[in-house]
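In this text the structure is predicted, and so the values were computed from the model without any measurement.
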Amino acid sequence: MLAGPWLLKLMKVPADAMEGAVEYLRITTLGCLGNMGYNLNAGILRGLGNSSATLLLLMITCLVNIVLDLVFVAVFGMGVAGAALATAIAMIMSWLFSILYIRKHYKELAMTFLPHSYDRAMVRQILSVGLPLGLNSALYSVGHLVMQTLFNTQGSAFVAGCSVAGKVNAIANIAITSFSSAATIFAGQNLGAEDYRRLRRGALIIPVFSGAITLAAGLLLTAGCRPVLRFFTRDEQVLEMAVHYIRVVLPFTWCYAVFNGIICFVNGIGEIRYPTIVNLLMLWAVRIPAACLIGWLGYGRNVMAGIPISFVAGLLAMLLYFRTDKWKELCRKAEKQEKK
């Protein structure tokens, strides 16, 4: 909240968007704690095999966000502040809803609103896995700030077009989030149950289906993106930039679907170092340098091409995981189970 204006200036946010950007950033930051709490509880529910509850809670939260958007922006005319406040309140409510749901349906967990104690050994175990992932996520976020800075140098219309395109891109990427979450849980459960045959089979099926669905959705939306994009903007200049972004990025998003599916699967079997290194290299050694090179060569309108280039590179790098000794050992255990 304090460093926001400085960070936004560092990112070269256009002057005409600066005031609204600072306001939005400061207000939505208030909802970060709620977002963290929801994700922790959603992880508990998914670990218990109840993924439908997280979907229901998310749908309710989205509905709350939409209603509050209409009330704050359309009725009270609060503009950017209203949209940000609606988002922050929705995130906090998602956390409270998840606590109430777990307290009602899983009384054996004895979940309280405030913690009374903690298990030190368990905290150490969680941090040993979570801390590297958290650092990975933090460095990844910094990398996205660098990419956004490159986008911001292309002007407001370019930034707005990429933002609008991102909404359509999210529609095509629905399968990625679903399959990736399932991959982590599936891998962890089957490793714990020592069902290596199912583990080996899931390592192929999950990424392939995630990639296939994302490819089909991506091609469909790329072909018909203009009518869909018109739901989000009527500005022709912004619309053209959004169409260009979709055509450059979306046809290759299936590579990210497969790549992310493998990463989440590998995380689920407790392998953190390899996917963390690949993830960071994909961003810092491929995406950002590629985008910078494209901009430096004078093709600033195409800096988003660094994204699909990094998708392909990340996919190839994660496929190499299946050549590692740890994976070969799991495959040997699967073969032994098949012979029994």
Side-chain angles (χ1 to χ4, degrees), residues 1-43 58 61-62 64-73 76-99 113-115 118 123 126-127 129-164 166-167 170 276 279-280 283-284 287-288 291-292 295 303-304 306-307:
M1 293 180 72
L2 295 175
W6 177 78
L7 288 170
L8 292 170
K9 287 179 182 177
L10 188 66
M11 293 170 62
K12 296 181 173 29
V13 171
D16 57 351
M18 179 60 74
E19 184 179 351
V22 172
E23 191 174 32
Y24 188 89
L25 178 62
R26 284 178 168 167
I27 295 173
T28 52
T29 300
L30 298 173
C32 287
L33 183 62
N35 190 34
M36 182 183 74
Y38 165 77
N39 279 290
L40 286 170
N41 292 341
L58 201 57
T61 304
C62 287
V64 169
N65 197 350
I66 292 169
V67 171
L68 291 178
D69 267 331
L70 293 173
V71 172
F72 292 155
V73 179
F76 295 134
M78 295 173 64
V80 172
L85 188 60
T87 300
I89 292 174
M91 287 193 289
I92 293 171
M93 290 186 70
S94 69
W95 182 20
L96 297 177
F97 289 156
S98 64
I99 293 174
F113 280 95
L114 294 174
Y118 67 97
V123 169
I126 291 170
L127 289 177
V129 176
L131 192 58
L133 292 176
L135 291 173
N136 174 30
S137 179
L139 289 170
Y140 206 76
S141 296
V142 172
H144 277 289
L145 290 179
V146 176
M147 283 294 295
Q148 188 62 48
T149 301
L150 292 173
F151 284 12
N152 291 341
T153 59
Q154 306 303 315
S156 296
F158 183 92
V159 174
C162 292
S163 177
V164 169
K167 298 180 186 299
T276 297
N279 224 353
L280 293 177
L283 180 64
W284 288 97
R287 181 179 301 182
I288 293 173
C292 289
V303 291
M304 75 284 286
I307 298 174

Please check: side-chain N/O of [X] versus main-chain N/O of [Y], any donor-acceptor pairing under 3.5 Å?
X      : Y      : value
Asn39  : Asn35  : yes
Thr149 : Leu145 : yes
Ser94  : Met91  : yes

Closest contact, heavy atoms only, [X] versus [Y]:
X      : Y      : result
Tyr118 : Val123 : CD1-CG2, 3.7 Å
Val13  : Ala21  : CG1-CB, 4.3 Å
Asn41  : Trp95  : ND2-CD1, 3.7 Å
Leu150 : Ala291 : CD1-CB, 3.7 Å
Ala84  : Tyr24  : CB-CD1, 3.5 Å
Ala86  : Asp69  : CB-OD1, 3.5 Å

Supply the atom-to-atom distance [X] [atom1] to [Y] [atom2], rounded to the nearest 0.5 angstrom.
X      : Y      : atom1 : atom2 : value
Met147 : Ile307 : CE    : CD1   : 4.5 Å
Asn65  : Thr87  : CG    : OG1   : 4.5 Å
Leu7   : Gln148 : CG    : CD    : 13.0 Å
Lys9   : Asn152 : NZ    : CG    : 14.5 Å
Met36  : Cys32  : CE    : SG    : 9.5 Å

Inset, instruction - Please determine which of Val22, Thr28, Leu30 meets the side chain to side chain contact (heavy atoms under 4.5 Å, CB included) test together with Arg26. - result: Val22
Inset, instruction - Take Phe72 and Ile89 through the side-chain contact (heavy atoms from CB on, under 4.5 Å) test and state the conclusion after the steps. - result: CA-CA 12 Å; Phe72 292 155; Ile89 292 174; 3.9 Å; yes
Inset, instruction - Mind checking side-chain hydrogen bond (donor to acceptor under 3.5 Å, both in side chains) for Thr29 and listing every partner two or more places apart, or none if nothing turns up? - result: none
Legend entry - side-chain hydrogen bond (donor to acceptor under 3.5 Å, both in side chains) involving Asn279 - partner list, sequence neighbours excluded: none
Inset, instruction - Could I get the full list of ring-ring contact (aromatic ring centres under 6.0 Å, His included) partners for Tyr38, not counting sequence neighbours? - result: none
